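Fair warning: this is a prediction, and the values are worked out from it, not measured in the lab. Order of the sequence lines fixes the chain letters, A, B, ..., with proteins taken first and strands second; residue numbering starts at 1 for each chain.
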Amino acid sequence: MAQRSLKGIAVVGGGPAGLMAALTAARHGAAVVLVDENAEPGGQLRKQIHKFFGSKAHRAGVRGYRIAQELISDCTAAGVELLGQSVVFSLRECTLDLLQKDDAFNLKADAIILATGASENALAFPGCTLPGVMGAGAAQTFVNLHRVLPGRRVLMVGGGNVGLIVAYQLLQAGAEVVGVVEALPYLSGYQVHAAKIKRAGVPIWTSHTVLEARGDQEVQEVTIAAIDDHFHPLPGSERTLAVDTVCLAVGLTPLAELAWQAGCRFCYQGALGGYVPLHSDNMETTLPHVYVAGDIAGVEEASTALEEGAIAGLAAAAAIGCPVPIAEFDAAQERLVSLRKGPFGDIRQLVKSEIVKRWADCRVVE
Amino acid sequence: MSRRRIAVIECPEEIPCNPCETACPQDAIKVGQPITHRPHLDAQRCMGCGLCVAACPGLAIFMVDIKDNDQAEVTFPYEFLPLPEPGDTVTAVNREGISLGTAQVKARWQPKGADGTYLVTIALPAALAAEARGIRRPSCDN
C-alpha cells in the first residue's frame, strides 16, 4: 500500500467541524489535508437551507449551505488540501488508511482531527423495512441536495429540531406532511420550529408513536397510536393515515468507529447520543495528537460543531508547533459556551464538563 | 398609543439566538448577554421596517398595524411557492393553521438581507389581528 507522510494535520470529515478545524489550523500555518468521503465537502451544512441560530460570531441568520460554500472557499484560499471521495477505514496512532476511489494508501500525519459526525438512529416497528421508511436526514438529502421528493404524503416521527425542520423543508419542497408524532409528552425541539409547521397546518401529536407501516411493495399507510406514561399504546387510540413516506427523526449516534479503533477512551452520555470519546476542553482525546470535534464528540448542532472545530484546529496547530495566541482559544471557548446556555444548552454544558473531567482523570491514572 | 406598524416577537424560549437584535436599525430589540435571553422590543422605537422579520431564523417575528377603520394589516415571513401576489384573496390562518376567513394580500417584499425569505402583508378585520399569523398554502396536490 502506498504511503504518504504529512508534516501537518489530517482532518477526517468535511462537515462544519472538519471544515472549520482545517481552516483554523491552516490559517495558523499548519499544512492540512482534509479527507471527505462525499462527492463534495460540506457534510450536513450542504442541505441545511434554513438560517442558523446563534449570534453574528456564529454566522447566525446565514443559511447552512452558504456557510459550507464560504468555508470551502476559505479552506482553498488558506491552502487546505482536499482529498474528496476518500474513505478512511482505519486509524492507528496518527496514521490513516484510506481508500480514494480504487486506490488504498496510508497517510501518516503529525496530528489527526476526527470530525466524522453522527448517523441517524433507526426505529423498529412492523413494516419499518418497507421502501418509503427512511431517516429524516435521508429525506432532507433527497429534497435539498438532489431536488427530488421522496414521496407526496409524509409522516414525520420525532419532534426534535431535526424532525421539525425537515418537516418544514418537505413542505417547502411541495410534499404534504400529514403530521408529526412524538413519543414524549412534549416536543424536544424549539417551539419556534414547531410553530412554523403548525401555522402551515401540520398536526403535531405528542405522546404518540408509530405502530406499523403497511403496503404492497412500499409504504401505503401507517398506523399511529397514543401511548401512556410507560410508552405502551393505548387501545382504541389507533388511527391509520394514508402516506407513502415515513421519516424517522429519532436521534443521532456519534460516528466514532475510528476513535474506538485507535484506542481512545470513551464514556456513555445519553444526552449526547451515546458513546463519545473522552476529550479535553481543547478537544484532545486520550491519545496524544488525536483530536475530535463536532457530533463525534457528542451530538449537538452545526453551530457548536463549528466552534469545536475551531478549537480542535487551534489545539492541533499548537501541538505541532504553530504559534497560536492563547486569546484565540479563549475567544473560541467563549463562543462555544454561549451556545450551551439556557434550558436547551445547560444539560449539554454539564455533560461536556463531565467528559472533560473524566478525560483529566484518565490522564492522571496513566 | 399612535397606531402604526410595529413588530410582534413570538419567541417563547431561551434559545441561543440574537439576529433580531443586530438586524434592528433602531436599537429597538434587546437580547443582550447571554444570547439565550429572550428578545425585548421597545415598541416606541420600532419603525415597522421588517428587517427583524426577515432576519429571524425561527420565523417568529410578525408585524401588526391596527388601522382606524376596524381594519388591520398583519405581516409575516413566508417561504413557500407559489408566492401570493398583491391583490390576491387568501385564507388567513392562526398559529394552529386554522382558517380565520379571507384576507387580501396588500404587499409582498424582501428587505435587505432576507436571503430568499419574503414578507407578506395581508389586510383583514382588526379583531383578527392578534390571531392571524399566516395564510393557507395552496395544496401540493393542485
Report the distance from atom CD1 of I98(B) to atom NZ of K198(A), rounding to the nearest 0.5 Å.
10.5 Å
Residue L171(A) versus chain B: region with a heavy atom under 4.5 Å:
both
F142(A), CZ: over 12 other non-hydrogen atoms inside 6.0 angstrom:
no
Do any pairs count as a side-chain hydrogen bond (donor to acceptor under 3.5 Å, both in side chains) and have a residue in residues 85-102 of chain B, sequence neighbours left out, and if so which ones?
E10(B)-R95(B), E85(B)-R108(B), T89(B)-Q104(B)
Run the numbers on R63(A) and D115(B) for salt bridge (charged side-chain N to carboxylate O under 4.0 Å, His left out), then give the verdict.
CA-CA 8 Å; R63(A) 298 186 190 275; D115(B) 193 15; 3.5 Å; yes
Drop me the distance from R199(A)'s CZ to L59(B)'s CG, to the nearest 0.5 angstrom.
6.0 Å
Honestly, the part of Y190(A) sitting under 4.5 Å from a heavy atom of chain B is both
Could you tell me if the side chain of E79(B) sits less than 4.5 Å from the side chain of Y168(A), heavy atoms only?
yes
For the student: nearest non-hydrogen atoms of P16(B) and S338(A), plus distance:
CB-O, 3.9 Å
Residue-level interface, residues 342-353 of chain A with chain B, non-hydrogen cut-off under 4.5 Å
G342(A), P343(A), F344(A)
Need one label for R66(A): side chain, backbone, both or neither, based on atoms under 4.5 Å from any heavy atom in chain B.
side chain
Identify the residues of residues 303-310 of chain A whose heavy atoms come closer than 4.5 Å to a heavy atom of chain B, ordered by number, or report 'none'.
none
Region of L81(B) that comes under 4.5 Å of a non-hydrogen atom in chain A:
neither
CD/Q26(B): more than 12 non-hydrogen atoms of other groups inside 6.0 Å:
yes
Heavy-atom pair of closest approach, residues F80(B) and A200(A)
CZ-CB, 4.3 Å
Can you name the closest pair of heavy atoms from G54(A) and P19(B) and give their distance?
O-CD, 3.5 Å
All heavy atoms of H58(A) vs all of I35(B), minimum pair found to be CE1-CD1, 4.0 Å
Is Q191(A) reaching over with its side chain to a backbone N or O of E13(B), donor-acceptor style, under 3.5 angstrom?
no
For K341(A), is it the side chain, the backbone, both or neither that has a heavy atom under 4.5 Å from a heavy atom of chain B?
both
Those residues at least two apart in sequence (or on a different chain) that pass side-chain contact (heavy atoms from CB on, under 4.5 Å) with P254(A) are V276(A), V299(A)
Please name the pair of heavy atoms, one in S55(A) and one in N18(B), separated by the smallest distance, quoted to 0.1 Å.
CA-OD1, 3.1 Å
Measure across V192(A) and C11(B) and return the closest heavy-atom pair with its distance rounded to 0.1 Å.
CG1-CA, 4.4 Å
